[in-house]
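Single-structure report; data block below.
Source: prediction; values computed, not measured. When reading the values below, keep in mind they use all heavy atoms of this one structure, side chains included, and skip hydrogens, waters and symmetry mates. Lettering of chains follows the sequences in order, A, B, ..., and the numbering in each one begins at 1.
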Number of protein chains: 2
Amino acid sequence: MKTKRNNITTLEQFKDKNYGKRGNAKREQLEAGYENFKIGALIHEARLEKGLTQAELAEKVGTTKSYISKIENDIKEVRISTLQRIIELGLGGQLQLSIKL
Amino acid sequence: MKTKRNNITTLEQFKDKNYGKRGNAKREQLEAGYENFKIGALIHEARLEKGLTQAELAEKVGTTKSYISKIENDIKEVRISTLQRIIELGLGGQLQLSIKL
DNA sequence: TAAACAGTTGCACTAACGGGCAACTCTCTA
DNA sequence: TAGAGAGTTGCCCGTTAGTGCAACTGTTTA
C-alpha cells in the first residue's frame with residue numbers, strides 16, 4: 001500500500017504544527033473560535049477530520065486542488081450551491097444553515 | 001401614521017392564508033420542516049418574523065424588492081456574502097453555518 | 001541531495017449569474 | 001371602480017465564480 005508520508009492530514013497535526021505559527025487568517029479564526037466564521041476554516045477543518053488532502057477532496061468534487069486552497073483561505077467567494085456540492089460530494093456531510101435573530 | 005392595510009406581514013398571516021394554497025416550493029418546504037432547506041424559506045420566515053416587507057428589507061440591504069423576491073423563491077442563486085449582508089444589515093441577525101458530517 | 005507529496009499563488013479566460021429596471025398580478029381599502 | 005401597497009416575473013447587462021495551468025514553497029522520506 002501507498003503510505004502517507006508527510007504533511008498535515010489530521011486536525012491534531014494541524015493544530016500541533018501550525019497553530020500560532022503564522023499570522024494568517026486561519027489561525028485567527030481558530031483563536032476566535034469561529035465567532036466571525038469564515039467558510040474556509042469550516043471546510044478546512046471538515047476536510048482534515050475526514051483525513052483528506054486538498055487534491056483528494058478536489059477530485060471528489062470535480063475541481064482542482066488550487067480552487068480548494070483558495071476557498072480554504074477565503075481568497076475566492078463561494079456560492080452556496082458550490083459550498084453544498086463540496087460538503088455533500090466531497091465530505092459526505094450536510095450543510096446546515098440557520099439565522100440567529 | 002401610515003397604517004399597513006393589506007397583504008401578509010406576519011408569519012401567522014402567511015401560514016393562515018397561503019399554507020397549502022398553491023403547490024409551490026415554499027409550501028413544500030414548510031411541510032418538509034426544512035429538511036431539504038432552501039435559503040429562500042429561511043429568509044422569508046425571518047423577514048416575516050421581523051415584520052418587514054420585501055421592499056423594506058431591500059432598502060436596508062441596498063438592493064431591490066425584486067431581488068429579495070427571487071431569493072425567497074429560490075429563483076436566483078445567492079452568494080454567501082450576499083446572504084450575510086441580507087441577514088446582518090436587513091434583519092439584524094447572524095448567519096450560522098455548520099457542517100454535519 | 002532528490003523526488004514526491006501537500007499546499008499556495010498568479011494569471012488569464014469565459015459561461016454563468018447576481019442584481020437592477022420596469023411591468024405585471026393580486027389584495028385591500030375607500 | 002381606482003389607487004396604493006406587496007409581491008412576482010421577464011429581460012438585460014456587467015461582474016465574477018469557477019476553472020485550468022503552471023510555478024512556487026515547504027516537508028518528509030530514501
Subject >> Separation of A:Leu52 CG from A:Lys60 NZ (nearest 0.5 Å) >> reply: 5.5 Å

**OP:** Over all heavy atoms of both residues, which pair between B:Ile80 and A:Glu77 is shortest? Give the atoms and the distance, please.
**Re:** N-OE2, 3.8 Å

Original post:
Is there a donor N/O on one and an acceptor N/O on the other, under 3.5 Å, for the side chain of B:Lys70 and the base of D:dG7?
Top reply: no

Subject >> Length of the line joining A:Gln54:CD and C:dT9:P, which is rounded to integer Å >> reply: 10 Å

Original post:
Of B:Thr82 and B:Lys65, whose closest DNA chain C nucleotide lies nearer the 5' terminus?
Top reply: B:Thr82

Original post:
Does the side chain of B:Ile71 reach to within under 4.5 Å of the side chain of B:Ile86, using non-hydrogen atoms?
Top reply: yes

**OP:** Give, for atom OG1 of B:Thr64 and atom NZ of B:Lys70, the distance between the pair rounded to the nearest 0.5 Å.
**Re:** 7.0 Å

**OP:** Give the nucleotide from the list D:dT19, D:dT8, C:dA6 with an atom nearest to the side chain of A:Thr53.
**Re:** C:dA6

Subject >> Short side-chain N/O contact from B:Ser69 to OP1 or OP2 of D:dG7, under 4.0 Å >> reply: no

Original post:
When the nearest nucleotide of DNA chain C is assigned to B:Ile71 and to A:Lys76 on a heavy-atom basis, which residue is associated with the more 5' position?
Top reply: A:Lys76

Original post:
OP1, OP2 of D:dA17 versus side-chain N and O of B:Arg79: anything below 4.0 Å?
Top reply: yes

Subject >> Toward the 5' end of DNA chain D, by each residue's nearest nucleotide, A:Ser81 or A:Ser66 >> reply: A:Ser81

Subject >> Atom pair distance, as rounded to whole Å: CD in B:Glu59 and P in C:dG19 >> reply: 18 Å

Subject >> Side-chain N or O of B:Asn73 closer than 4.0 Å to phosphate OP1/OP2 of D:dG7 >> reply: no

**OP:** Would you kindly give the CG-to-P distance between B:Asp74 and C:dG18, to the nearest whole Å?
**Re:** 11 Å

Original post:
Reckon A:Arg47 has a side-chain N or O less than 4.0 Å from the OP1 or OP2 of C:dG7?
Top reply: yes

Subject >> Integer-rounded Å distance: C:dG7 P and A:Glu56 CD >> reply: 8 Å

